Enquirer: 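One structure, pasted below without further comment.
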There are 2 protein chains.
Amino acid sequence: AAPADNVVVIGKKSVPDYVLEVILKFNEGIDEVVIKGRGQMISKAVDVYNALKSKLGDSLQLVSVNIDSDNIGGRLVSYIEIRVRRTI
Amino acid sequence: AAPADNVVVIGKKSVPDYVLEVILKFNEGIDEVVIKGRGQMISKAVDVYNALKSKLGDSLQLVSVNIDSDNIGGRLVSYIEIRVRRTI
Ligand SMILES: [Zn+2]
């Protein structure tokens, strides 16, 4: 698998769609998945994390939350990277 | 000071307004400030953190980032709590 295969970038699809994408990655054998959201998609990334936690319960572990910004054409664009692991 | 005096809750004001609120708290002698955003305000909370980091540079330390949800009338509302400290 390519290095970025463990990243789910949040966009216009629904929260349940992204929850499913993360679960499919776990089912492919990827042990840690990064949920990444930029700009206004940061809020939805946290929604995806919370919906995933509701669905998986104790088998979901929050590994880390990284917040920072990318300089895109001289403009700072905030992002969040939520790293999760399925433990069982 | 009351216990919640170190929390800045993000709402409709501008990012620079909230950056100033955090700096004013530091100047009052509060050493750690929590930037809290709920729902769509999560993205703006991260913008406030990044703008604050641009302004304060190495004197700003990111202590922790907490993501979770509150059950408000049976509905899960996501939130973020960004804890920062001024080190010098
Ligand atoms: Zn007080």
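These values consider heavy atoms only, across backbone and side chains, with no hydrogens, waters or symmetry-generated copies. Below, chain A is the first sequence line, B the second, and so on; all start at residue 1. If you're wondering where the values come from, they're calculated on a predicted model, not measured in any experiment.
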Enquirer: Between A:Ser64 and chain B, which part of the residue has a heavy atom less than 4.5 Å away: side chain, backbone, both or neither?
Expert: neither
Enquirer: So for A:Asn66, is it side chain, backbone, both, or neither that comes closer than 4.5 Å to the heavy atoms of chain B?
Expert: neither
Enquirer: So which part of B:Leu76 gets closer than 4.5 Å to some heavy atom of chain A, the side chain, the backbone, both or neither?
Expert: side chain
Enquirer: Spell out, as yes or no, whether a donor-acceptor pair under 3.5 Å connects the side chain of B:Thr87 to the backbone of B:Ser59.
Expert: yes
Enquirer: For chain A, find which of B:Asp68, B:Leu62, B:Asn50, B:Val65 contributes the most heavy-atom pairs closer than 4.5 angstrom.
Expert: B:Asn50
Enquirer: How close do A:Ile80 and A:Ala45 get, heavy atom to heavy atom, and via which atoms?
Expert: CG2-CB, 3.9 Å
Enquirer: Of the options A:Val48, A:Val33, A:Asp31, A:Leu56, which is the one that meets A:Val84 in a side chain to side chain contact (heavy atoms under 4.5 Å, CB included)?
Expert: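 Testing A:Val84 for a side chain to side chain contact (heavy atoms under 4.5 Å, CB included) against A:Val48, A:Val33, A:Asp31, A:Leu56 leaves exactly one candidate, A:Val33.
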Enquirer: Heavy-atom cut-off 4.5 Å, strictly under: side chain, backbone, both or neither for A:Lys53 against chain B?
Expert: side chain
Enquirer: More than 12 heavy atoms of other residues, nucleotides or ligands under 6.0 Å from CG of A:Asp58: yes or no?
Expert: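 Not buried by this count: 12 neighbours or fewer within 6.0 Å.
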Enquirer: Of the listed residues (A:Ala51, A:Gly37, A:Ser69, A:Ser54), which shares the most heavy-atom pairs with chain B below a 4.5 Å separation?
Expert: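 With the most close heavy-atom pairs to chain B, the winner is A:Ser69.
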Enquirer: Side chain of A:Lys25, backbone of A:Asp5: donor and acceptor closer than 3.5 Å?
Expert: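 Yes: the side chain of A:Lys25 pairs with the backbone of A:Asp5.
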